[in-house]
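Inspection log for the structure reproduced underneath, given as structure tokens.
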Amino acid sequence: DAKTTQPNSMESNEEEPVHLPCNHSTISGTDYIHWYRQLPSQGPEYVIHGLTSNVNNRMASLAIAEDRKSSTLILHRATLRDAAVYYCTLTSGGGADGLTFGKGTHLIIQP
Amino acid sequence: NAGVTQTPKFRVLKTGQSMTLLCAQDMNHEYMYWYRQDPGMGLRLIHYSVGEGTTAKGEVPDGYNVSRLKKQNFLLGLESAAPSQTSVYFCASSYPGGRAEAFFGQGTRLTVV
């Protein structure tokens, strides 16, 4: 199974950009990179996904390295509501066998 | 749309008792999943289903059984609960394909004493 590596925790200040890194050196050509976040006492929620190109949506941006062995989730202007555990995961082309979650990065936002 | 709904939200069981957790989704998703999350850990896949009438084992299937008799429902059963099954259980669903977004329920907090 393709695996991901993330820092255990990161801290940032409110209204500043946050860059959350993820290493996935064993990624295969058909694996999509997904990011989810989990707020306290809630289920995970989808943030963004990508295959090869950088992606933007209303929540965040995803920057994918050219060799696809790493990616970075970018929160452009963090708010206190962004404090959560962020998971970087990989899914195969079929997606049938679900998402493999590591321990994720606990993002702390200071006011 | 309710999305993914889990029932119950909390439960306390005695060792050896049985119970069934229900997951219902109203998005017509083909795929459904059951995960467990232990304190300070990520989610681990228990069982999953790629369609009505089909199920498969995930990473940690021992002690659990599942059924998908209807497309919208995915049931997780504990035949003889053990303290090691104390955890928070999450159900998720998605369309097929690696790019598909997964939708998660709010979780069931189960304590086995």
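- Residue B:V4 is not grouped with residue B:Y89 when hydrophobic side chains (ILVMFWY) are merged at heavy-atom distances under 4.5 angstrom, including chains of intermediate members.
- Within the model, atoms CD of B:E101 and OH of A:Y36 stand 6.0 Å from one another, a figure rounded to the nearest 0.5 Å.
- Under a cut-off of 6.0 angstrom, the local environment of CG in A:D67 is crowded, with over 12 non-hydrogen atoms contributed by other residues, nucleotides or ligands.
- Across B:F90 and A:Q38, no two heavy atoms sit closer than the pair CZ-NE2, 3.5 Å.
- Residue-environment remark: CZ (A:R68) exceeds the threshold of 12 foreign heavy atoms within 6.0 Å.
- One hydrophobic cluster, built from ILVMFWY side chains closer than 4.5 Å, cannot hold both B:F10 and B:L22; they sit in different ones.
- Contacts between B:A100 and chain A at a heavy-atom distance below 4.5 Å involve the backbone alone (N, CA, C, O).
- Contacts of B:F103 with chain A are absent, with no heavy-atom separation under 4.5 Å from either backbone or side chain.
- Interface residue B:Q37: only side-chain heavy atoms are found under 4.5 Å from chain A.
- Interface residue B:L43: backbone and side-chain heavy atoms are both found under 4.5 Å from chain A.
- Under a 3.5 Å cut-off, the side chain of B:Y35 and the backbone N or O of A:L99 do form a donor-acceptor pair.
- Around the NZ atom of B:K71, the shell of radius 6.0 Å holds more than 12 heavy atoms that belong to other residues, nucleotides or ligands.
- Using a 4.5 Å cut-off between side-chain heavy atoms of Ile, Leu, Val, Met, Phe, Trp and Tyr, with links allowed through other members, B:V88 and B:L45 fall into the same hydrophobic cluster.
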